[in-house]
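Along the sequence shown, residues are numbered consecutively beginning with 1. Everything numeric in this text was worked out from a predicted model, so none of it was measured.
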Amino acid sequence: LFCDPIEPYIQRKLFVHNMCHCACAYLAAGKYEFIHEAMCDPAIRYLVEQAGLVGVRSIAAEGKMSYDSLLDFLIKLQYRFSNVNLRDTIARVGADPIRKLGNDDRITGLYRLAKEHGVDVSFLMPVYAAALCYRNEADKASIQVNDDYNASGVKETLKKYTEIDFSDLEVQQIETHIANLQKGNLG
């Protein structure tokens, strides 16, 4: 019996599907109730797609799954996220940013893999920014992350939850995205 290595499929699920899902939720917070609504917003769709491409490029660089198959997965995923019948809420998908920012989880795990392979991570910076700004009063983890960000700033908050010491340039990019989010645009 032949079985493909499962690791690339786990990476694809975590670093493309799950990462894009929570990226969409964080970027859409306060504007939309459902993921499918957010995917109709061209700015959100663009940022989700670009963050997803970080995952596609990083996993392809591992050499166990082709770029074309990963890109096809991303395209189908965007279509699935746009499905009005799923009625997946921003609150559900965005819940527990402490876990989702974790060192081995969807956002930071992808950041680490991308860095390992020299893949540009700049399209993950708006995701980090939106995750720090995300606040749902029914979600204690989101309140904690947002309160920590407001008290300690980007660098210290991300270090606490991601265990990564982000470069000054990355922190500046995240701060710029936060300023844009606070003005009501995704800039």
Side-chain angles (χ1 to χ4, degrees), residues 1-28 35 38-39 42-82 93-94 96-132 134 145 154-155 157-178 180 186-187:
L1 181 64
F2 178 78
C3 181
D4 287 335
I6 196 165
E7 184 64 24
Y9 295 95
I10 293 170
Q11 288 178 325
R12 184 181 74 178
K13 171 72 165 100
L14 192 60
F15 299 150
V16 180
H17 183 279
N18 293 3
M19 188 281 305
C20 285
H21 215 200
C22 77
C24 184
Y26 296 144
L27 291 164
I35 294 292
M39 289 301 288
I44 292 172
R45 188 178 189 94
Y46 174 76
L47 289 174
V48 169
E49 177 181 288
Q50 293 303 310
L53 285 169
V54 174
V56 166
R57 292 180 185 114
S58 301
I59 297 166
E62 294 273 277
K64 296 175 185 156
M65 196 173 269
S66 76
Y67 179 87
D68 289 344
S69 70
L70 289 160
L71 184 59
D72 183 60
F73 180 81
L74 177 62
I75 291 166
K76 289 175 181 170
L77 185 67
Q78 290 179 332
Y79 178 75
R80 190 174 324 135
F81 287 172
S82 300
V93 175
D96 196 8
I98 291 174
R99 178 174 53 86
K100 292 172 183 169
L101 287 168
N103 190 270
D104 290 322
D105 212 285
R106 60 209 72 200
I107 305 168
T108 306
L110 173 56
Y111 172 92
R112 289 176 43 245
L113 183 66
K115 287 287 202 171
E116 179 182 326
H117 291 291
V119 174
D120 180 19
V121 295
S122 60
F123 278 102
L124 295 180
M125 300 306 114
V127 179
Y128 279 115
L132 293 176
Y134 179 70
V145 170
V154 169
K155 191 169 187 81
T157 303
L158 285 178
K159 186 167 183 134
K160 175 179 179 178
Y161 294 110
T162 67
E163 302 172 25
I164 301 282
D165 191 14
F166 287 84
S167 73
D168 291 341
L169 177 61
E170 290 168 333
V171 170
Q172 183 181 21
Q173 290 171 339
I174 294 166
E175 288 171 342
T176 298
H177 287 294
I178 288 171
N180 287 331
L186 297 172

- prompt: When rounded to the nearest 0.5 angstrom, what distance separates CD in Q50 from CG in L124?
  reply: 11.0 Å
- request: Say whether S122 and D120, considering side chains only, have a donor N or O and an acceptor N or O under 3.5 Å apart.
  value: yes
- line: So CG of L74 and OG of S69: to nearest 0.5 Å the spacing works out to 11.5 Å
- prompt: Does Y161 have any ring-ring contact (aromatic ring centres under 6.0 Å, His included) partners at least two apart in sequence or in another chain, and if so, which?
  reply: none
query: Measuring from L77:CG to D72:CG, what's the distance to the nearest 0.5 Å?
result: 11.0 Å
Closest contact, heavy atoms only, V93 versus A25: CG1-CB, 3.7 Å
query: For M39 and R45, which heavy atoms make the closest approach, and how far apart are they?
result: O-NH1, 3.2 Å
task: Measure the shortest side-chain to side-chain distance between V54 and Y111 over non-hydrogen atoms and say whether it is less than 4.5 angstrom.
output: no
field: Any L158 side-chain heavy atom under 4.5 Å of L132 side chain
entry: yes
query: For the atom pair CG (D165) and CD (E170), what is the distance rounded to the nearest 0.5 Å?
result: 9.5 Å
- prompt: Roughly how far, to the nearest 0.5 Å, is the CD1 atom of I164 from the CG atom of L101?
  reply: 11.5 Å
task: For I178 and A129, work out which heavy atoms get closest and say how close.
output: CG1-CB, 3.6 Å
message: I want to check something: taking the side chain as every heavy atom from C-beta on, are F81 and C20 in contact at a cut-off of under 4.5 Å?
response: yes
task: Please test D104 against R112 for side-chain contact (heavy atoms from CB on, under 4.5 Å), starting from the C-alpha separation and ending with a verdict.
output: CA-CA 8 Å; D104 290 322; R112 289 176 43 245; 2.7 Å; yes
message: With a 4.5 Å cut-off on side-chain heavy atoms, are D168 and Q172 touching?
response: no
task: Using a strict 4.0 Å threshold on nitrogen-to-oxygen distance, state whether K100 and D96 make a salt bridge.
output: no
query: Within the distance-only criterion (no hydrogens, no angle test), does the side chain of R99 pair as donor or acceptor with the backbone N or O of D105 below 3.5 angstrom?
result: no
By side chain to side chain donor-acceptor pair (under 3.5 Å) - contacts of R80 (at least two apart): none
task: Kindly give the heavy-atom pair with the smallest separation between C24 and I44, and that separation in Å.
output: SG-CG2, 4.1 Å
Worked check of side-chain contact (heavy atoms from CB on, under 4.5 Å) between V16 and Q11: CA-CA 8 Å; V16 180; Q11 288 178 325; over 6 Å; no
- request: Decide if the gap between the ring center of Y9 and the ring center of H17 is smaller than 6.0 angstrom.
  value: no
task: For K160 and V145, indicate whether the former's side chain and the latter's backbone hold a donor-acceptor pair under 3.5 Å.
output: no
query: Taking the side chain as C-beta and beyond, is there a heavy-atom pair between M19 and L14 under 4.5 Å?
result: no
- prompt: Roughly how far apart are H117 NE2 and I59 CD1, rounded to 0.5 Å?
  reply: 9.5 Å
message: I want to check something: taking the side chain as every heavy atom from C-beta on, are E62 and P8 in contact at a cut-off of under 4.5 Å?
response: no
message: Tell me whether the count of non-hydrogen atoms from other residues, nucleotides or ligands lying under 6.0 Å of CD in E116 goes above 12.
response: yes
field: Pairwise side-chain contact, L70 with R57, heavy-atom cut-off 4.5 Å (strictly under)
entry: no
query: Is there a side-chain contact between V127 and V48, using heavy atoms and a 4.5 Å cut-off?
result: no
- request: Please name the pair of heavy atoms, one in N103 and one in E163, separated by the smallest distance, quoted to 0.1 Å.
  value: ND2-CB, 3.7 Å
- prompt: Taking the inter-plane angle between the rings of Y134 and Y26 on a 0 to 90° scale, is it parallel (under 30°), tilted (30 to 60°) or perpendicular (over 60°)?
  reply: tilted
- request: May I have all residue pairs that pass ring pair (Phe, Tyr, Trp, His ring centres under 6.0 Å) and include part of residues 57-78, sequence neighbours excluded?
  value: none
